[in-house]
Amino acid sequence: QVQLVESGGGLVQPGGSLRLSCAASGSIFSINAMGWYRQAPGKQRELVAAITSSGTTNIAASVKGRFTISRDNAKNTVYLQMNTLTPEDTAVYYCNAGPSLIYMATEHSYWGQGTQVTVSS
């Protein structure tokens, strides 16, 4: 089993920035890809960004150029730096980890508890 603990959510004004962190523990040898999904009220959960241990990334078009994903393999932690936030970025952000990018958000992956990000003036 893998445990994922997220932190860094909160309330921010439009145009502001937040950084989310997700630390993995447990059977971390079983995971290679880590990343973030988000779910806004009334919408499906969607991929935001993901990264492998070697640095390969997959970033949603809607956040490209504004969000940056990074990873500290020594700390088993993935970060999501979110800049130029808009109200459309408001959602619960979930950390996800799996054996590879193609297995993220599947039954072979693990989820964090989620952290709320609210962008509002």
Side-chain angles (χ1 to χ4, degrees):
Q1 291 292 317
V2 173
Q3 293 77 44
L4 302 174
V5 178
E6 302 138 333
S7 61
L11 173 65
V12 63
Q13 292 187 340
S17 299
L18 280 175
R19 188 174 86 148
L20 305 182
S21 300
C22 172
S25 61
S27 302
I28 56 176
F29 59 86
S30 66
I31 62 173
N32 177 276
M34 296 182 70
W36 297 90
Y37 286 73
R38 67 185 182 185
Q39 187 166 21
K43 295 188 177 181
Q44 289 189 330
R45 192 172 297 188
E46 62 177 1
L47 172 70
V48 178
I51 186 169
T52 68
S53 59
S54 61
T56 300
T57 60
N58 184 9
I59 302 174
S62 60
V63 304
K64 197 167 288 186
R66 299 188 299 122
F67 292 11
T68 301
I69 189 167
S70 61
R71 181 169 174 170
D72 186 333
N73 290 326
K75 295 182 178 180
N76 302 309
T77 299
V78 64
Y79 304 96
L80 185 68
Q81 178 66 45
M82 305 185 292
N83 297 328
T84 319
L85 286 160
T86 74
E88 289 68 39
D89 296 314
T90 295
V92 178
Y93 284 69
Y94 295 92
C95 182
N96 183 256
S100 67
L101 287 176
I102 61 172
Y103 283 106
M104 294 196 72
T106 70
E107 60 183 1
H108 302 288
S109 68
Y110 301 90
W111 291 98
Q113 78 282 2
T115 185
Q116 177 70 46
V117 172
T118 302
V119 185
S120 175
S121 55

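Counting from 1, the numbers follow the sequence of the chain as shown.
Hydrophobic clustering (side-chain heavy atoms under 4.5 Å, transitive across Ile, Leu, Val, Met, Phe, Trp, Tyr) keeps Tyr94 apart from Ile59. Under the 4.5 Å side-chain heavy-atom criterion for ILVMFWY residues, a single connected hydrophobic cluster contains both Val48 and Leu4. Connection of Val117 to Tyr37 is not established within any shared hydrophobic cluster, with ILVMFWY side chains joined at heavy-atom distances below 4.5 Å, either directly or through further cluster members. One hydrophobic cluster, built from ILVMFWY side chains closer than 4.5 Å, holds both Trp111 and Leu47. Linking Ile, Leu, Val, Met, Phe, Trp and Tyr whenever their side-chain heavy atoms come within less than 4.5 Å leaves Val92 and Val63 in two separate clusters.
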Would Val12 and Ser17 count as a side chain to side chain contact (heavy atoms under 4.5 Å, CB included) if you check the C-alpha gap in whole Å, the side-chain angles of each, and the deciding distance to 0.1 Å? CA-CA 7 Å; Val12 63; Ser17 299; over 6 Å; no

Verdict with supporting geometry, Ser100 and Asn32, side chain to side chain donor-acceptor pair (under 3.5 Å): CA-CA 5 Å; Ser100 67; Asn32 177 276; over 6 Å; no

Residues Val2, Ser30; criterion side chain to side chain contact (heavy atoms under 4.5 Å, CB included); working and verdict: CA-CA 8 Å; Val2 173; Ser30 66; 3.7 Å; yes

Take Tyr103 and Ser109, measure what side chain to side chain contact (heavy atoms under 4.5 Å, CB included) needs, and give me the verdict at the end. CA-CA 7 Å; Tyr103 283 106; Ser109 68; 5.8 Å; no

Kindly determine whether Met82 and Trp36 satisfy side chain to side chain contact (heavy atoms under 4.5 Å, CB included), including the steps that lead there. CA-CA 12 Å; Met82 305 185 292; Trp36 297 90; over 6 Å; no

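Annotation: the span from Gln3 atom CD to Cys95 atom SG amounts to 12.0 Å, rounded to 0.5 Å. Summarising the geometry, atom CG belonging to Asn96 is positioned 11.0 Å from atom OH belonging to Tyr110; distances are rounded to the nearest 0.5 Å. Expressed to the nearest 0.5 Å, how far OG1 of Thr86 lies from CZ of Arg66 amounts to 5.0 Å. Of the inter-residue distances, the one linking Asn73 atom CG with Met34 atom CE reads 9.0 Å to the nearest 0.5 angstrom. Rounding to the nearest 0.5 Å places NZ of Lys75 at 15.5 Å from OG of Ser25. One distance of note links CG of Leu18 with CZ of Phe67; it measures 9.0 Å at 0.5 Å rounding.
A donor-acceptor pair shorter than 3.5 Å cannot be found between the side chains of Asp72 and Thr77. Side-chain contact of Thr52 with Ser54: a donor-acceptor pair under 3.5 Å is present, judged by distance alone.
Tested against Arg38, the residues Glu46, Glu88, Glu6 include a single salt bridge (Lys or Arg N to Asp or Glu O under 4.0 Å) partner, Glu46.
In this structure the side chain of Val119 reaches within 4.5 angstrom of the side chain of Pro14, judged on heavy atoms. Taking the side chain as every heavy atom from C-beta outward, Asn58 and Met104 never approach each other to under 4.5 Å.
For the pair Ala49 and Leu80, the tightest heavy-atom approach, listed with the atom from each and the gap, is CB-CD1, 4.2 Å.
Judged by distance alone, the side chain of Thr57 and the main-chain N or O of Ile51 form no donor-acceptor pair under 3.5 Å. Judged purely by atom type and a 3.5 angstrom limit, Ser27 uses its side chain to pair as donor or acceptor with the backbone of Gln1.
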